[in-house]
Structure formats: structure tokens, C-alpha cells
Amino acid sequence: MSDDLDLAQQKRPVLLRVDELAKVYTVRRGLLGRKKQLAHALAGVSLDLKKGETLGVVGESGSGKSTLGKAIVRLVEPTYGRIVFDGVDITHLPDKRLIPFRKRMQIVFQDPYSSLNPRMIVKELAGEGLQLFRLAKGTELDDRVGAALTRVGLGMDMLDRYPSELSGGQRQRVAIARTLAVEPELVICDEPTSALDVSVQAQILNLLSEIQSDSNVAYVFISHDLRVVELMSHRMAVLYLGKIVEMGPSHDVAERRLHPYTRALFDASPVLGPGVDGKTRLLLKGEPPSANAPPSGCAFHPRCPRAEAGKCDLEAPPLRSVKDNLAHQVACFFPG
């Protein structure tokens with residue numbers, strides 16, 4: 001992405017702000033479930049998203065990516081923290097007052113087959129939001145459904161089909177059409193292509209990019225595929241055990257990889273081409289710690305090759321800007 005585009009992106013107004021967002025689950029264990037433990041799915045996440053911007057969110061399974069996305073749109077109720085959408089604190093808004101914001105914030109799930117009602121035909125699925133929010137009816141409803149399907153590359157011959165009669169890519173296009181029909185300003189894309197084959201993935205990614213160019217919609221793009229996130233996102237946030245450990249412009253994060261966890265994630269990604277030296281790669285040992293009993297200090301220190309006893313195991317590093325690039329932040333005592 002060019003410097004001119006980066007500058008234009010910086011001037012856009014903030015659409016979403018998340019402050020110290022946390023989600024803690026109570027897990028019952030032991031005889032008759034009497035013993036309780038707390039699982040920290042999110043442990044104080046702060047970020048912002050500008051209009052028309054894409055923020056990529058990456059991390060291992062269990063890092064809190066999907067929980068973050070669902071919490072932003074209030075499908076999961078946060079334990080503490082704030083969600084501010086277009087200047088309005090929606091964190092604790094009751095369902096009735098949240099309805100207008102539901103239209104403006106939508107989500108596309110990972111598995112289109114499970115997110116679509118198998119008893120509804122495409123016409124009903126694509127128009128579900130329009131009817132729910134009372135945005136259209138009658139011939140206007142039909143016109144807007146047709147326009148949404150055309151926009152995602154589906155023909156009118158699909159209108160009377162059920163999800164079981166569609167391919168995976170077609171189902172995901174229907175899910176995207178349903179989302180776009182209500183003209184949202186923010187869309188949470190929760191692993192939207194991981195259930196699809198590679199060729200269909202490219203089609204869906206191109207479609208999402210085209211839609212953003214046309215409508216200025218903002219995306220929170222959640223994925224385990226770092227290369228896809230680097231391609232799709234203006235900025236990238238790396239999550240580890242419910243916390244952001246690195247965040248900044250996608251190309252900067254991908255090239256510099258200041259946090260050892262970020263480096264390990266990229267090093268674990270397949271690399272095509274000659275001259276790749278596997279010996280220089282940073283490969284993580286062991287599994288991520290349990291969210292029920294996170295380590296003291298820096299949560300990454302048990303797996304980190306740079307960790308120093310008496311420092312990293314006792315104190316959690318704050319997320320701080322890098323001296324030579326204030327837009328790039330990292331939570332590490334020994335970045336680089």
C-alpha cells in the first residue's frame with residue numbers, strides 16, 4: 001500500500017473504538033461442578049477502526065480472535081471494557097436501543113452452511129435483514145434482494161434454491177449478500193474463507209475488496225492465514241491469549257515482526273520459492289497456556305526464546321509505540 005493511501009487512511013474519522021475489552025468465562029470443574037475457574041478469553045483489548053479501513057486480526061486457535069469479533073457486535077457480552085461505535089457507547093445498551101446499531105454492524109461467519117437457515121430459500125435468506133429491520137417490503141424488497149445477489153455475483157436463478165443445493169462459495173456469497181443488503185458500515189469477517197477451497201477463497205477476497213471500494217465499509221478481518229490478512233488489511237493486530245502483542249500497518253508488522261510471537265507465526269507460514277532457509281526460522285515449542293491459568297508476567301514468556309528470568313516472568317510489558325514508527329506498537333521488553 002502506497003504512502004499516499006496510508007496518509008488518506010489516517011485522515012478518515014474513527015468508526016469503532018474498543019477500550020480494555022475483556023471477556024471472562026466461569027468454568028465449573030470438580031465433583032458436581034462445584035469448583036469454579038475463570039477463563040480469560042479476552043484480557044483487555046484496545047483498538048480503533050476508521051471508516052473504510054480493514055483491521056486484520058491474527059493469532060493461534062484460542063487466542064480470542066472470534067470472541068473479539070462477536071463481542072464488538074454484542075453477540076457476546078463483554079465482562080468489562082467499552083465499545084464505542086460512531087461516538088456512541090454501546091457496551092451496555094439494552095436490546096431495544098441496540099437495534100439501530102445492529103443494522104450498521106454485521107458479521108459474516110466462518111461456515112456459511114451453519115449460518116444459513118437450511119429451511120429458507122436464497123430469496124428469503126438474502127432479504128432476512130431487510131425484513132427484520134423493516135427496510136423494505138413488497139416489490140422494493142424483491143428489487144433490493146436482487147441487487148444484493150447481483151452484487152455478489154449470483155444470478156436470479158438462485159432465488160428459489162436452498163443452501164443444500166449450493167456450493168460452499170455460493171453459500172458464502174449468499175451470506176455476504178444478506179449482510180450487504182442492509183448497507184452496514186462495519187462488517188466482522190470471522191474466518192470468511194477458511195471453509196472454502198483456494199480458488200473460491202480468492203473470489204471471495206476479491207469480492208470483499210470490491211465492495212469496500214464501492215461502499216467504504218469497514219472490516220474487522222479475522223483469520224489464521226497471515227498472508228491473506230497482510231493482503232487484505234490496512235492494519236494488523238496480533239493476539240496471544242486474549243491480548244494484543246503487536247499492532248500496526250500490515251506491511252510493517254509483516255516485514256519487521258518485532259514481537260517474537262509475530263515472527264513465529266510468520267515463520268510457520270508456508271513460503272514458496274528458492275533460497276528459503278528453514279534453519280533461521282523461529283519455531284515455537286509447546287502449546288499456548290490455558291486461559292484458565294495464564295502465566296504471570298508476559299503470557300508468552302514460557303515459549304519465548306528472548307525471555308529473561310526476573311523480568312518477563314514477573315512483569316507484563318505494555319503495548320507501546322515503536323520509536324521510529326508511532327503507528328507500530330509492540331508489547332515486548334526485547335522487541336526486534
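Given the structure is predicted, the values throughout are model-derived calculations rather than measurements.
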Between Glu230 and His251, is there a side-chain donor-acceptor contact under 3.5 Å, judged purely by atom types and distance? no

Do Ser321 side-chain atoms and Leu326 backbone N/O form a donor-acceptor pair below 3.5 Å? yes

Donor-acceptor pairs are to be reported for all side-chain atoms of residues 128-150 against protein atoms at under 3.5 Å, with residues two or more places apart or in another chain.
from	atom 1	to	atom 2	distance (Å)
Glu128	OE1	Arg178	NH1	3.1
Arg144	NH2	Ala181	O	3.2
Thr150	OG1	Gly146	O	2.8

So, applying side-chain hydrogen bond (donor to acceptor under 3.5 Å, both in side chains) with Asn216, which one of Glu53, Lys51, Arg12 is it? Arg12

Could you go through Asp111 and Arg171, starting from their C-alpha distance and side-chain angles, then the distance that decides it, and tell me whether this counts as salt bridge (charged side-chain N to carboxylate O under 4.0 Å, His left out)? CA-CA 9 Å; Asp111 184 0; Arg171 285 194 290 264; 5.8 Å; no

Side chains of Ser199 and Asp197: donor-acceptor distance under 3.5 Å anywhere? yes

Same cluster or not: Leu186 versus Ile176, using hydrophobic residues (I, L, V, M, F, W, Y) connected whenever any side-chain heavy atoms lie under 4.5 Å apart? no

Between Arg263 and Asp267, does any NZ, NE, NH1 or NH2 come within less than 4.0 Å of an OD or OE carboxylate oxygen? yes

Going by atom types only, do Thr54 and Gln212 share a side-chain donor-acceptor pair under 3.5 Å? yes

Only one of Val220, Ile72, Val187, Leu75 forms a side-chain contact (heavy atoms from CB on, under 4.5 Å) with Ile107, so which one is it? Leu75

Salt bridge (charged side-chain N to carboxylate O under 4.0 Å, His left out) between Glu60 and Arg303: does it pass, once the steps are laid out? CA-CA 14 Å; Glu60 293 171 290; Arg303 307 171 73 191; 3.1 Å; yes

After noting the C-alpha distance and the side-chain angles of Leu21 and Arg82, does the key distance pass the side chain to side chain contact (heavy atoms under 4.5 Å, CB included) rule? CA-CA 6 Å; Leu21 198 66; Arg82 289 200 318 152; over 6 Å; no

Is it true that the side chains of Tyr261 and Glu246 contain a donor and an acceptor less than 3.5 Å apart? no

Between Arg104 and Asp86, is there a side-chain N and carboxylate O pair less than 4.0 Å apart? yes

Ser233 side chain vs Ser250 backbone, donor-acceptor pair below 3.5 Å: no

Would you confirm whether the ring centroid of His259 sits within less than 6.0 angstrom of the ring centroid of Tyr240? no

Would you say the side chains of Asp19 and Ser46 form a donor-acceptor pair under 3.5 Å? no

